[in-house]
Visitor: 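My questions all concern the structure below.
Start at 1 and go down the list; that is how both ligands and their atoms are numbered. In this text, all values refer to a predicted model and were calculated from it rather than measured experimentally.
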Amino acid sequence: MSENDFLCGLMELQYGVDVKETLQSLSSSVPWARGWPEDKKSFWNAEAFMWGRKISKEKRSLIKQELSFLSGNNLDIGCGAYSYIKSVGFDISPKMLDFNDNCTEKVCGDVEKPLPFSSNTFDSVTSIFVLNYVTNHKQLLSEISRTLKDNGEFVMVLSSKDINGWQKQKEVNSFESSGWTTLLENIGFNLTFYEKDGLWFWKCSKNKT
Ligand SMILES: C[S@@+](CC[C@H](N)C(=O)[O-])C[C@H]1O[C@@H](n2cnc3c(N)ncnc32)[C@H](O)[C@@H]1O
């Protein structure tokens, strides 16, 4: 019953109804939402139910197109409920992972910690709309490089515009594109950067070590 009420409240919130306090108190009786919205796992678990509608079909198909050059075993960091190409999906939210039907394997974990994958494992790594939520972003970028094979590719995508108000509460950084480019170069990636239809794309190659 509490779970149904919580889900109905989430829909109302989506339409701008001020039900945050009611939802906060209901969340204590819903195991996957406990501590919502402050707790990050609970926050993203709740987002999972409406994730299909949060990013437009046009953006999805543009990103899919831009990733179509990748082949082999891909790790999708912060995959959420939607991986653009077949991937090993990694996400903090079990609910997001439940909804994702493009994963060969699903791994639940926190990108603020070292990644639970061996070095030189993946042909490519993708991370779409995620790095702006990561405090320990330098560690994550170097972990991504570690898990990539030599000459492997890393593609990172972020919105070039301000993100919507509700998800913005979880944003922990909002660098200019040049700031991200410098961070990626400092990790040792060779990269191409471009902007397309309100999105920033970094296509990075790991140099042979
Ligand atoms: C904006 S969504 C993007 C989802 C997906 N990449 C897409 O393009 O639809 C951000 C995703 O990052 C995940 N995430 C946020 N913080 C995380 C963390 N610390 N560790 C792992 N995943 C995290 C969330 O659960 C969510 O699925």
Side-chain angles (χ1 to χ4, degrees), residues 10 14 27 32-68 70 74-117 122 124-144 146-147 154-175 180 196-203:
L10 282 178
Q14 177 92 346
S27 76
W32 55 262
R34 213 158 274 150
W36 178 96
E38 285 77 17
D39 178 80
K40 66 183 170 187
K41 187 192 280 191
S42 300
F43 177 88
W44 289 110
N45 274 338
E47 291 302 285
F49 290 90
M50 283 155 292
W51 197 247
R53 294 176 187 276
K54 296 259 164 109
I55 294 171
S56 70
K57 277 190 186 147
E58 291 73 24
K59 279 208 165 67
R60 293 280 193 215
S61 66
L62 169 62
I63 296 169
K64 210 168 175 170
Q65 176 64 33
E66 295 298 316
L67 299 184
S68 61
L70 298 174
N74 184 63
L75 169 64
D76 191 14
I77 297 279
C79 60
Y82 189 93
S83 286
Y84 301 77
I85 56 173
K86 268 271 177 266
S87 301
V88 172
F90 184 79
D91 204 283
I92 198 168
S93 157
K95 289 286 177 199
M96 284 281 191
L97 288 168
D98 280 352
F99 286 111
N100 193 323
D101 58 10
N102 210 10
C103 291
T104 49
E105 190 188 338
K106 298 180 181 186
V107 182
C108 197
D110 190 346
V111 298
E112 301 286 0
K113 300 182 178 150
L115 297 176
F117 304 104
F122 296 101
S124 61
V125 177
T126 48
S127 192
I128 320 297
F129 304 130
V130 178
L131 266 293
N132 52 320
Y133 300 110
V134 182
T135 305
N136 238 340
H137 48 271
K138 279 189 197 157
Q139 174 182 280
L140 175 58
L141 294 175
S142 100
E143 279 292 280
I144 287 171
R146 181 185 66 74
T147 58
F154 169 48
V155 182
M156 171 171 144
V157 180
L158 287 173
S159 175
S160 68
K161 303 196 179 113
D162 228 7
I163 60 166
N164 87 48
W166 181 250
Q167 283 152 41
K168 202 167 173 56
Q169 66 185 286
K170 284 285 169 273
E171 194 168 64
V172 292
N173 62 62
S174 53
F175 302 130
W180 284 114
K196 209 170 190 179
D197 294 347
L199 299 176
W200 284 335
F201 291 87
W202 289 265
K203 291 186 174 168

Visitor: Identify the closest protein heavy atom to atom 10 (C) of ligand 1: which residue and atom is it, and at what distance?
Guide: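 Minimum-distance protein heavy atom for atom 10 (C) of ligand 1 reads F129 O, 3.6 Å.
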Visitor: Indicate yes or no: does an N/O atom of Y84 lie under 3.5 Å from an N/O atom of ligand 1?
Guide: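 Yes.
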Visitor: Do the charged groups of R34 and D39 touch, with an N to O distance under 4.0 Å?
Guide: no
Visitor: Around K41, counting heavy atoms of other residues, nucleotides and ligands shown, do more than 12 lie under 6.0 Å from its NZ?
Guide: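 Counting other residues, nucleotides and ligands, NZ of K41 stays at 12 neighbours or fewer.
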Visitor: At less than 4.0 angstrom from any non-hydrogen atom of I55, what atoms of ligand 1 do you find?
Guide: 9 (O)
Visitor: Taking distance alone, with N or O pairs closer than 3.5 Å, would you say S93 contacts ligand 1?
Guide: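 The answer is no, given that S93 and ligand 1 share no N or O pair closer than 3.5 Å.
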Visitor: Who pairs with K196 by salt bridge (Lys or Arg N to Asp or Glu O under 4.0 Å), at least two apart in sequence or on another chain?
Guide: E66
Visitor: Would you call F49 and F99 a side-chain contact if the rule is heavy atoms closer than 4.5 Å?
Guide: yes
Visitor: Determine, considering heavy atoms only, which of F43, W51, Y133 sits nearest to atom 2 (S) of ligand 1.
Guide: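 Heavy atom nearest to atom 2 (S) of ligand 1 belongs to W51.
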Visitor: Please state which option from I92, V111, V172, T135 has its nearest heavy atom closest to atom 14 (N) of ligand 1.
Guide: I92
Visitor: Given the ring of Y133, does K40 sit roughly above its face, with NZ or CZ under 6.0 Å from the centre of the six-membered ring and within 45° of the axis?
Guide: no
Visitor: So is there a nitrogen or oxygen of I128 less than 3.5 Å from a nitrogen or oxygen in ligand 1?
Guide: yes
Visitor: I need the atoms of ligand 1 closer than 4.0 Å to a non-hydrogen atom of D110, numbered in the order shown.
Guide: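 Checking each atom against D110, I get 18 (C), 19 (N), 20 (N).
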Visitor: Name all residues meeting the salt bridge (Lys or Arg N to Asp or Glu O under 4.0 Å) criterion together with K54; count only those two or more places apart in sequence or in a different chain, and write none if there are none.
Guide: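 Salt bridge (Lys or Arg N to Asp or Glu O under 4.0 Å) check on K54 returns E47.
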Visitor: Mark yes or no for whether S127, through its side chain, and I77, through its backbone, hold a donor-acceptor pair below 3.5 Å.
Guide: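 Checked: pair present.
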Visitor: Below 4.0 angstrom from a heavy atom of M96, which ligand 1 atoms are there? Numbered from 1 as shown, please.
Guide: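 With M96 as reference, the close atoms of ligand 1 come out as 27 (O).
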Visitor: Would G109 count as a contact of ligand 1 if the rule is a heavy atom under 4.0 Å away?
Guide: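 Per 4.0 Å heavy-atom rule, G109 contacts ligand 1.
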Visitor: Nearest to atom 15 (C) of ligand 1, what protein heavy atom do you find, and at what distance?
Guide: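 It is W44 NE1, 3.4 Å.
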Visitor: Looking only at distance, does G78 have an N or O less than 3.5 Å from an N or O of ligand 1?
Guide: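 Yes: some nitrogen or oxygen of G78 is under 3.5 Å from one in ligand 1.
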Visitor: Heavy-atom distance under 4.5 Å between the side chains of C79 and L97, does that happen here?
Guide: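 Yes. Closest side-chain heavy atoms under 4.5 Å.
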Visitor: Please determine which of N74, T104, D76, N102 meets the side-chain hydrogen bond (donor to acceptor under 3.5 Å, both in side chains) test together with S83.
Guide: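 Among N74, T104, D76, N102, the one that satisfies the side-chain hydrogen bond (donor to acceptor under 3.5 Å, both in side chains) with S83 is D76.
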Visitor: Give a yes/no on ligand 1: does R60 have at least one heavy atom closer than 4.0 angstrom to it?
Guide: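 Yes; R60 lies near enough to ligand 1 that a heavy-atom distance drops under 4.0 Å.
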